[in-house]
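Following: one structure in structure tokens, then a few remarks.
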Amino acid sequence: MSEDQKTALSPALFLKMIFTGGKQIIKSENELNQLNVYPVPDGDTGSNMAALMRYVVAQQYPTDNFGKLLTALADASLIGSCGNSGMILSAFFVGLSRLQVIAEKTTLSINEFIDCLASGVKQAHKSVATPVEGTILTVMQSWLHACNEKRASCQNFEALFHSTLPLAETALSQTEFSLPVLKENKVVDAGAFGFTKLIQGMNLALHDPSIFDVHWEEHDISHQTIAHHAHHTELADDAYQFCMETLLSGTREDLDPLRSQLNTFCDSVVVNQSPSHIKVHAHTTDIMGCTDLLKGYGSIIHQKIDDIKIQWAINEHRKHSIAIVTDSAADLPQHIRDEAQVHTIPNQVRVGDHLLLDRMTIDIDTLFTERETSTSKPSTSAPSAEIVNRYLHFLTSHYDSIIVITLSSRLSSAYQIMKNQAEHVTHATGVKIDVIDSLSLASGQGLLVMKAVKLLGAGHKHDECVAALSDARKNIHIYVAIDELKTMRESGRLSKIMHKIADWGHVKPILSLDQTGQISMAGLALGKQKAWNKISALFSKLMKNAPNYTMIMSHTTTTDTINAFAAHLEKTTGVKVAGICKAAASVGVHAGRGAVAIAVYNETLL
């Protein structure tokens with residue numbers, strides 16, 4: 001490091017310091033997850049902070065001056081942030097950009113650097129609705145206090161970090177005794193540990209600016225699965241169920257009213273904004289109510305929601321060493337999702353100006369209600385690559401391997417996105433991840449997930465499960481009766497021939513899937529009752545002399561209608577319906593109102 005660099009910090013060197021600090025957080029992802037017992041013991045603080053830094057490191061930044069660099073860093077961190085500690089760390093980065101006096105600076109003195117830190121720490125505290133001592137905020141404040149104390153005596157940046165890093169590390173060690181839950185489990189705060197890793201990485205880069213290679217590969221980081229039951233922390237019965245993050249376009253001069261409103265039915269509220277976006281983090285049980293409130297503050301352009309109770313359960317009471325993952329299209333009875341710890345990554349549904357999460361912040365009833373008043377047609381998209389990557393990374397620290405089951409690749413890009421990200425995550429962690437194309441619609445996809453659950457329950461190993469599931473696809477049969485053909489026609493889910501059938505109006509096609517997972521036509525019916533009779537006849541022929549079929553139904557119709565159809569099917573086929581599910585909103589966008597899907601598998605799965 002040159003003499004000039006020792007006393008003046010350039011944008012390029014500062015960026016390397018942040019990147020190297022980010023790498024230290026990523027390397028410590030699993031250790032951070034193990035430490036995570038506060039504010040809830042869901043074991044994902046490391047995954048959240050690492051996801052933030054992966055996003056930050058992947059972006060391009062201008063280094064002309066500090067104003068441009070820090071503004072770009074603020075935007076990237078806000079977009080990439082997730083989790084309580086990740087949001088607070090993002091607020092710190094946003095705060096660095098708020099010091100206008102350094103905007104045109106091409107170098108920072110020690111005093112200017114410390115003033116910049118003060119702005120970051122101030123914004124981090126401001127972003128939290130109810131700041132708590134003994135957390136990441138405490139280490140931030142302690143490091144800033146140490147820098148202020150040493151600013152007069154330190155002649156260069158090496159001396160500043162050398163004299164203040166130990167004080168930050170001491171503040172970290174003392175967090176163990178600040179909160180009862182940390183003291184009980186004999187651990188330091190996970191978020192505080194992550195911030196200390198950031199400082200340590202910055203110090204490494206300061207001493208050797210060549211230490212960070214922008215092309216570094218994550219697979220050089222050793223990967224370990226969390227040792228389960230390391231900390232036995234109970235989750236309160238009345239604990240909030242969801243950890244929710246929402247990114248809004250636009251800004252507001254005063255966000256205190258939003259913080260106050262959220263505090264009435266949420267916890268762990270963190271609200272932050274960059275020059276172009278607002279980001280909100282909250283723990284809540286009412287994710288629909290929270291979403292409705294946030295719609296009044298801007299257009300929702302991204303959401304991330306974790307189920308705290310499921311995350312806690314796999315920390316404390318994981319049922320299998322293999323994770324089963326699916327997308328939200330899958331029709332699966334809720335009790336199976338919960339009991340078997342099936343992980344669901346939501347598809348996205350755009351309604352009006354808002355991009356919402358399927359089966360979480362929008363359901364089928366809300367979709368049809370909002371469709372009536374929206375000026376634009378609803379649309380769908382698969383889970384974002386960033387969400388899939390983060391979720392798979394999280395699961396690799398809790399499971400030995402992962403099996404993902406998606407909607408037919410002929411109907412959704414979820415399969416390709418999951419497969420691509422699975423390859424990236426396996427490359428980085430060494431954990432085996434197989435992605436299986438169900439070659440089916442949502443009900444058939446649900447049956448394949450149920451088959452996976454049964455295989456795990458019987459003790460089958462990963463490769464055995466993958467082989468059995470791949471083979472099982474040919475034994476899943478599905479038929480769909482569609483009422484609103486116009487909806488499917490507009491979504492591009494029908495062929496040209498079926499377009500013409502749709503124009504006949506009262507003639508309703510019965511749809512199925514071919515062996516490649518593409519929609520095909522299985523028959524025609526004049527009206528609802530004849531469609532029921534046709535489907536019943538098809539299934540009766542299929543299930544003749546095979547009483548062990550499992551049958552599930554999915555619908556976008558009324559409860560009375562689906563119950564009547566279920567009774568009709570049971571009477572004519574002699575097979576009891578194992579489950580009735582409301583279709584996902586992502587399915588309803590294309591199927592429209594009045595659709596009914598029935599899927600069967602030639603084995604008892606329940």
Side-chain angles (χ1 to χ4, degrees), residues 75 78-79 81-82 242 244-253 255 257-258 261-262 265-266 271-282 284-305 327-329 344-387 407 411-414 417 442 482-493 555-557 582-595:
D75 278 332
L78 195 75
I79 293 170
S81 62
C82 51
F242 300 105
M244 177 179 185
E245 276 122 35
T246 301
L247 182 68
L248 305 163
S249 63
T251 59
R252 287 291 183 95
E253 185 173 338
L255 290 174
L258 175 58
Q261 287 175 292
L262 289 170
F265 64 103
C266 304
V271 181
N272 193 22
Q273 68 175 324
S274 72
S276 57
H277 298 92
I278 298 171
K279 189 75 173 277
V280 177
H281 169 279
T284 185
T285 297
D286 186 7
I287 51 178
M288 295 282 277
C290 196
T291 296
D292 288 340
L293 172 61
L294 294 174
K295 287 177 181 177
Y297 284 82
S299 297
I300 295 175
I301 57 177
H302 179 77
Q303 288 190 304
K304 189 276 294 182
I305 299 176
D327 61 77
S328 58
T344 303
I345 301 180
N347 293 306
Q348 301 177 99
V349 180
R350 178 172 293 283
V351 181
D353 295 330
H354 306 292
L355 190 60
L356 308 173
L357 294 184
D358 193 26
R359 292 196 192 270
M360 301 195 86
T361 54
I362 185 165
D363 57 24
I364 193 71
D365 296 326
T366 306
L367 169 72
F368 290 146
T369 298
E370 297 199 6
R371 189 180 68 168
E372 300 302 322
T373 58
S374 177
T375 56
S376 58
K377 296 174 183 176
S379 61
T380 64
S381 58
S384 69
E386 291 81 7
I387 288 291
L407 192 69
L411 305 174
S412 168
S413 61
I417 291 171
I482 297 292
D483 192 46
E484 289 186 357
L485 286 175
K486 178 183 176 183
T487 306
M488 289 199 73
R489 180 177 56 190
E490 292 175 344
S491 70
R493 261 58 179 183
H555 69 97
T556 63
T557 188
K582 275 192 175 183
S586 61
V587 173
V589 167
H590 307 293
R593 290 183 186 270

Examine distances only and state if a side-chain atom of [X] and a backbone atom of [Y] form a donor-acceptor pair shorter than 3.5 Å.
X      : Y      : result
Thr366 : Ile362 : no
Asp327 : Leu407 : yes
Thr284 : Ile287 : no
Gln348 : Pro383 : no
His555 : Thr557 : yes

Intermediate values then yes/no, side chain to side chain contact (heavy atoms under 4.5 Å, CB included), Ile278 and Leu247
CA-CA 6 Å; Ile278 298 171; Leu247 182 68; over 6 Å; no
Pairwise distance [atom1]([X]) to [atom2]([Y]) - rounded to 0.5 angstrom:
X      : Y      : atom1 : atom2 : value
Leu367 : Ser586 : CG    : OG    : 9.5 Å
His281 : Asn272 : NE2   : CG    : 12.5 Å
Arg350 : Ile300 : CZ    : CD1   : 10.5 Å
Tyr297 : Gln261 : OH    : CD    : 4.0 Å
Cys290 : Ile305 : SG    : CD1   : 8.0 Å
Leu294 : Leu258 : CG    : CG    : 6.0 Å

Assess the residue pair Glu370 and Lys295 against the criterion (salt bridge (Lys or Arg N to Asp or Glu O under 4.0 Å)); give the C-alpha distance rounded to whole Å, side-chain angles, the decisive distance to 0.1 Å, and a yes or no.
CA-CA 13 Å; Glu370 297 199 6; Lys295 287 177 181 177; 3.2 Å; yes
Please tell me if the side chains of [X] and [Y] come closer than 4.5 Å, counting only heavy atoms from C-beta onward.
X      : Y      : answer
Ser384 : His302 : yes
Lys304 : Leu357 : no
Arg359 : Thr344 : no
Leu293 : Phe265 : yes
Arg371 : Val589 : no
Ser276 : Thr251 : no

What I want to check is whether the side chains of Ser249 and His277 have a donor and an acceptor closer together than 3.5 Å.
no
Go through the side-chain N and O atoms of Lys279 and Ser81 and say whether any donor and acceptor fall under 3.5 Å apart.
yes
Which pair of heavy atoms, one from [X] and one from [Y], lies closest together, and at what distance?
X      : Y      : value
Thr556 : Arg593 : OG1-C, 3.5 Å
Ala585 : Asp358 : N-OD1, 3.0 Å
Arg252 : Gly296 : NH2-O, 2.9 Å
Ser376 : Ser374 : O-OG, 2.9 Å
Ser328 : Asn347 : OG-N, 2.8 Å
Leu248 : Gly298 : CD2-O, 3.8 Å

If you count every heavy atom of other residues, nucleotides or ligands that lies below 6.0 Å from Glu253 atom CD, does the total exceed 12?
no
Candidate pair Ile345 and Ile387, rule side chain to side chain contact (heavy atoms under 4.5 Å, CB included), full reasoning:
CA-CA 8 Å; Ile345 301 180; Ile387 288 291; 4.1 Å; yes
Check step by step if side chain to side chain contact (heavy atoms under 4.5 Å, CB included) holds for Thr361 and Met244.
CA-CA 10 Å; Thr361 54; Met244 177 179 185; 4.2 Å; yes
Set out, in order, the CA-CA distance, both residues' side-chain angles and the distance that settles side chain to side chain contact (heavy atoms under 4.5 Å, CB included) for Leu255 and Gln273, then state yes or no.
CA-CA 9 Å; Leu255 290 174; Gln273 68 175 324; 3.6 Å; yes
Using side chain to side chain donor-acceptor pair (under 3.5 Å), reason through Thr380 and His590 one step at a time and then give a plain yes or no.
CA-CA 9 Å; Thr380 64; His590 307 293; 2.9 Å; yes
